[in-house]
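Only one structure is covered here, and it is reproduced in the block below.
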Amino acid sequence: MEDFSKQKIIWKRVGSILRFCFDSFSCISLDSTCIATGKHMKFLLGFLNSKMGNYLLQNSPKTGTGDLLVSVQAIEPLKVPSITKDDEAMINIIVNDILDKKDDNDRLRLERQLNYKIYKLFKLNDEEIDFIESQKNL
């Protein structure tokens with residue numbers, strides 16, 4: 001029960017579009033959601049919401065209608081890159097800016113910036129980045 005009072009990431013377990021949200025208000029979520037607590041929460045939020053994070057989750061189990069089943073078991077085996085304190089600080093700034101922005105154009109610009117920072121952590125080349133960017137459901 002104490003995990004609900006911590007900063008956490010919350011996401012719905014079933015859906016066609018993946019979205020992970022940050023909770024710093026001690027919300028209690030429904031049983032149709034999952035939560036994660038721990039260290040590096042803002043970095044992980046940025047990673048999971050990035051195109052790279054969505055790409056890595058696309059092979060999660062699916063329902064009969066094709067929706068993704070993204071339980072804790074689907075998140076746990078993800079290959080999250082090691083980061084330096086500087087990389088984490090930079091990504092945290094972008095994530096905080098995304099969370100604060102009301103203007104869609106600013107948010108889209110920041111999301112693109114976040115995606116490229118994540119690609120850099122994975123050391124992707126231009127061809128690999130173009131492939132992920134071309135995926136429609138990410």
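Values below: every heavy atom of this structure, side chains too, minus hydrogens, waters and symmetry copies.
In this structure, CD1 in Ile9 is found 12.5 Å from OG in Ser29, a value given to the nearest 0.5 Å. The distance from the NZ atom of Lys117 to the CD atom of Glu88 is 14.5 Å, given to the nearest 0.5 Å. Atom NZ of residue Lys42 and atom OG of residue Ser24 lie 7.0 Å apart, to the nearest 0.5 angstrom. For the atom pair OG1 of Thr37 and CG of Asp23, the computed distance is 11.5 Å after rounding to the nearest 0.5 Å. Glu133 CD to Lys51 NZ: the interatomic distance, rounded to the nearest 0.5 Å, is 4.0 Å. To the nearest 0.5 Å, atom CG of residue Leu110 and atom CG of residue Leu99 are 10.0 Å apart.
Side-chain atoms of Arg107 come within 3.5 Å of backbone N or O of Lys101 as a donor-acceptor pair. A donor-acceptor pair is defined here as one N or O able to donate and one able to accept, closer than 3.5 Å; no such pair exists between the side chain of Asp87 and the backbone of Ile83. When atom types are taken as modelled, the side chain of Thr63 and the backbone of Asp67 share a donor-acceptor pair closer than 3.5 angstrom. Counting only distance, with no hydrogens or angles, the side chain of Asn92 and the backbone of Phe43 share a donor-acceptor pair below 3.5 Å. Looking at Glu76, its side chain never comes within 3.5 Å of a backbone N or O of Gln73 through a donor-acceptor pair. Side-chain N or O atoms of Asn54 include one that pairs as donor or acceptor with a backbone N or O of Leu48 at under 3.5 Å. In terms of modelled atom types and a separation under 3.5 Å, the side chain of Ser26 and the main chain of Ser5 share a donor-acceptor contact. No donor-acceptor pair closer than 3.5 Å links the side chain of Trp11 to the backbone N or O of Ile35.
Taking hydrophobic clusters as Ile, Leu, Val, Met, Phe, Trp and Tyr residues chained together by side-chain heavy-atom distances below 4.5 Å, Val80 does not share a cluster with Met90.
Surrounding NZ of Lys120 are at most 12 heavy atoms belonging to other residues, nucleotides or ligands under 6.0 Å away.
In this structure, Leu78 and Phe47 have side chains that are in contact, with non-hydrogen atoms separated by less than 4.5 Å. Contact of the Leu57 side chain with the Phe20 side chain is registered, since non-hydrogen atoms from C-beta on lie closer than 4.5 Å. Counting heavy atoms from C-beta outward, Tyr116 and Leu121 have side chains that stay 4.5 Å or more apart.
Relative to the ring axis of Phe22, Lys8 does not place its NZ or CZ within 45° and under 6.0 Å from the centre.
Heavy atoms only, all atoms of each residue included: Ser71 and Cys34 are closest at CA-SG, 4.0 Å. Across all non-hydrogen atoms, the minimal contact from Gln58 to Leu68 is O-CD2, 3.7 Å. The nearest pair of heavy atoms linking Ile118 to Met52 is CG2-CB, 3.7 Å.
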- Task: Apply the test ring-ring contact (aromatic ring centres under 6.0 Å, His included) to residues Phe122 and Tyr119: give CA-CA distance (whole Å), side-chain angles for both, the deciding distance (0.1 Å), then the verdict.
- Result: CA-CA 5 Å; Phe122 277 89; Tyr119 296 149; 8.6 Å; no
